[in-house]
Amino acid sequence: MKNQEEIRKMQEALIEKLIADAKQFIDSIDMTEIQTVLLSGSVSRGDFFPGKFGGMIDLIVMRKPGSTVSAESLFGKDEEPDIPYHCITVNSNHFQILLIDFVDAKVFPTFEEPMKYALLESSVLWDHGDTYTKELETIKRYATIDQRKQLDNCLGYIGYLLSDYKKDRWYRRDAFCQMHENLNTSIRLMIQCLYYINGKYAPSEDRRLYYSYSLPKIPQNYEDSMHELFKQDISSEEDYYRREELFKSRFMEFMMKNRPITAST
């Protein structure tokens, strides 16, 4: 598997060019009603790696408070109306733009987690009066508390799914398929928890596992252990208990040792 760091090294020169192109594009548009522009997605992370279907530079553009300016009036016609972003091509570069109202510390908590992740992984390309940059300090303080609460919630639900009471309910029915599925849900929650332990929000589920391999703080032999954990015979009692033991000894033990103390509000 090509990990995130390997791709960053492979794509370093291209990423530098794309960042310069993005800045040049921002300089070319009317910023009268724009407060902040963020570079997001794979270009911001440094792992932009387009294939045969190409790739896009992700931008989050925030309007000034009270502005109702539209994406089409700013950037021209949307080239991909089926995609939930405003897509345009400029000098052979494809841009995927999310135009939203300005995000302050009051608005940030209202977003779904993948959006919180996207905002906090972004870099600032343009920020009138450093308004967003200053607001970001408060947002990050909130995020630290919120992530620890989310960690507590996820660990609590894992405990419920794998409790003796819950297992006995399905064991009496010989429903090992449901026991395996509850363990699979616990694994997905565990991956989410790893982001919280690393002081991050979790990205969308379609990329969450891959990026977890590059987190600084993960269990020893994480990749190999995940391979073993995902192997399953869904009808087997013996295989369920093999997987549960692996999950508890290598992953949950790590979680409990590295679990930060929940901050008070």
Side-chain angles (χ1 to χ4, degrees), residues 1-11 41-42 45-53 112-114 117 121 147-148 150-260:
M1 180 179 71
K2 294 183 178 70
N3 64 37
Q4 190 178 18
E5 191 56 37
E6 289 173 326
I7 293 175
R8 281 173 174 162
K9 291 177 181 177
M10 289 169 51
Q11 302 296 95
S42 58
R45 289 191 301 269
D47 60 10
F48 183 78
F49 192 34
K52 63 181 180 180
F53 300 109
E112 296 294 328
E113 185 163 349
Y117 172 87
E121 75 165 355
Q147 288 157 9
R148 292 179 181 182
Q150 296 303 321
L151 175 62
D152 290 345
N153 291 340
C154 286
L155 291 175
Y157 192 53
I158 290 172
Y160 167 75
L161 287 173
L162 302 185
S163 65
D164 290 339
Y165 167 81
K166 184 60 66 175
K167 285 188 293 186
D168 179 65
R169 177 179 184 176
W170 302 117
Y171 189 87
R172 284 182 280 114
R173 293 167 169 83
D174 291 332
F176 302 117
C177 59
Q178 187 61 59
M179 293 173 68
H180 277 283
E181 178 57 18
N182 289 349
L183 181 54
N184 290 338
T185 299
S186 299
I187 294 167
R188 291 190 290 271
L189 289 170
M190 176 273 295
I191 296 168
Q192 191 171 335
C193 288
L194 284 176
Y195 286 90
Y196 304 142
I197 284 174
N198 281 273
K200 296 176 177 288
Y201 283 107
S204 300
E205 195 167 5
D206 66 340
R207 64 197 67 189
R208 191 174 297 163
L209 174 60
Y210 174 77
Y211 285 117
S212 73
Y213 290 118
S214 297
L215 291 170
K217 193 182 295 184
I218 53 178
Q220 190 174 12
N221 300 319
Y222 177 62
E223 186 172 351
D224 290 341
S225 296
M226 289 299 287
H227 289 168
E228 290 301 313
L229 193 58
F230 274 116
K231 294 176 184 176
Q232 64 182 290
D233 179 349
I234 198 169
S235 63
S236 168
E237 173 186 355
E238 181 181 1
D239 195 50
Y240 171 80
Y241 284 106
R242 174 195 68 82
R243 296 176 69 224
E244 185 194 68
E245 170 57 27
L246 175 62
F247 179 73
K248 288 183 174 180
S249 63
R250 296 195 194 177
F251 296 96
M252 289 307 295
E253 186 175 326
F254 173 86
M255 294 288 179
M256 304 314 294
K257 285 183 178 178
N258 289 276
R259 181 181 189 177

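Side chains are part of it too, since the values below use all heavy atoms of this structure and drop only hydrogens, waters and symmetry mates.
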Residues that [X] engages under side-chain contact (heavy atoms from CB on, under 4.5 Å), provided they are two or more places apart:
{"X": "Arg169", "result": "Lys166, Arg172, Arg173"}
{"X": "Ser249", "result": "Glu245"}
{"X": "Asn258", "result": "Ile197, Lys217, Phe254"}
{"X": "Glu113", "result": "Gln192, Tyr196, Tyr201, Ala202"}

Under-4.0 Å salt bridge between Lys9 and Glu6: no
Distance in Å, [X] [atom1] paired with [Y] [atom2], rounded so as to fall on 0.5 Å steps:
{"X": "Leu229", "Y": "Glu244", "atom1": "CG", "atom2": "CD", "answer": "11.0 Å"}
{"X": "Lys248", "Y": "Leu183", "atom1": "NZ", "atom2": "CG", "answer": "9.5 Å"}
{"X": "Ser42", "Y": "Arg8", "atom1": "OG", "atom2": "CZ", "answer": "11.0 Å"}
{"X": "Cys177", "Y": "Asn182", "atom1": "SG", "atom2": "CG", "answer": "9.5 Å"}
{"X": "Met1", "Y": "Tyr210", "atom1": "CE", "atom2": "OH", "answer": "6.0 Å"}
{"X": "Met179", "Y": "Ile234", "atom1": "CE", "atom2": "CD1", "answer": "12.0 Å"}

[X] side chain near [Y] side chain, heavy-atom distance below 4.5 Å:
{"X": "Tyr195", "Y": "Leu215", "value": "yes"}
{"X": "Ile187", "Y": "Arg243", "value": "yes"}
{"X": "Ser225", "Y": "Phe251", "value": "yes"}
{"X": "Phe247", "Y": "Leu162", "value": "yes"}
{"X": "Leu155", "Y": "Cys193", "value": "yes"}
{"X": "Ile191", "Y": "Met226", "value": "yes"}
{"X": "Gln4", "Y": "Ile7", "value": "no"}
{"X": "Pro219", "Y": "Arg250", "value": "no"}

Who passes salt bridge (Lys or Arg N to Asp or Glu O under 4.0 Å) against [X], sequence neighbours left out?
{"X": "Lys257", "result": "Glu253"}
{"X": "Asp164", "result": "Lys167"}
{"X": "Arg45", "result": "Asp47, Glu121"}
{"X": "Asp239", "result": "Arg242"}

field: Considering all heavy atoms, the nearest Ile218-Ser212 contact
entry: CG2-O, 3.6 Å
field: Least distance between heavy atoms, Ser186 atom then Ile158 atom
entry: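 In terms of heavy atoms, the two residues are closest at O-CD1, 3.7 Å.
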message: Quick test of your reading: applying ring-ring contact (aromatic ring centres under 6.0 Å, His included), list the pairs with at least one residue in residues 152-179, sequence neighbours left out, ordered by first then second residue.
response: Tyr157-Tyr160, Tyr171-Phe176
message: Give me each pair satisfying salt bridge (charged side-chain N to carboxylate O under 4.0 Å, His left out) with a member in residues 195-210, each pair once, sequence neighbours excluded.
response: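 Qualifying pairs: Arg188-Glu205.
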Sequence neighbours excluded, every pair satisfying salt bridge (charged side-chain N to carboxylate O under 4.0 Å, His left out) that has a member inside residues 221-230: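 Every salt bridge (charged side-chain N to carboxylate O under 4.0 Å, His left out) pair that includes a residue of residues 221-230, provided the two are not neighbours, is Glu228-Lys231.
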query: With no hydrogens and no angle check, is any side-chain donor or acceptor of Thr185 less than 3.5 Å from a backbone partner on Glu181?
result: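 Present.
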task: List in chain and number order the residues that pass ring-ring contact (aromatic ring centres under 6.0 Å, His included) with Tyr240, two or more places apart in sequence or in another chain; answer none if no residue qualifies.
output: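 Applying ring-ring contact (aromatic ring centres under 6.0 Å, His included) to Tyr240 gives His180.
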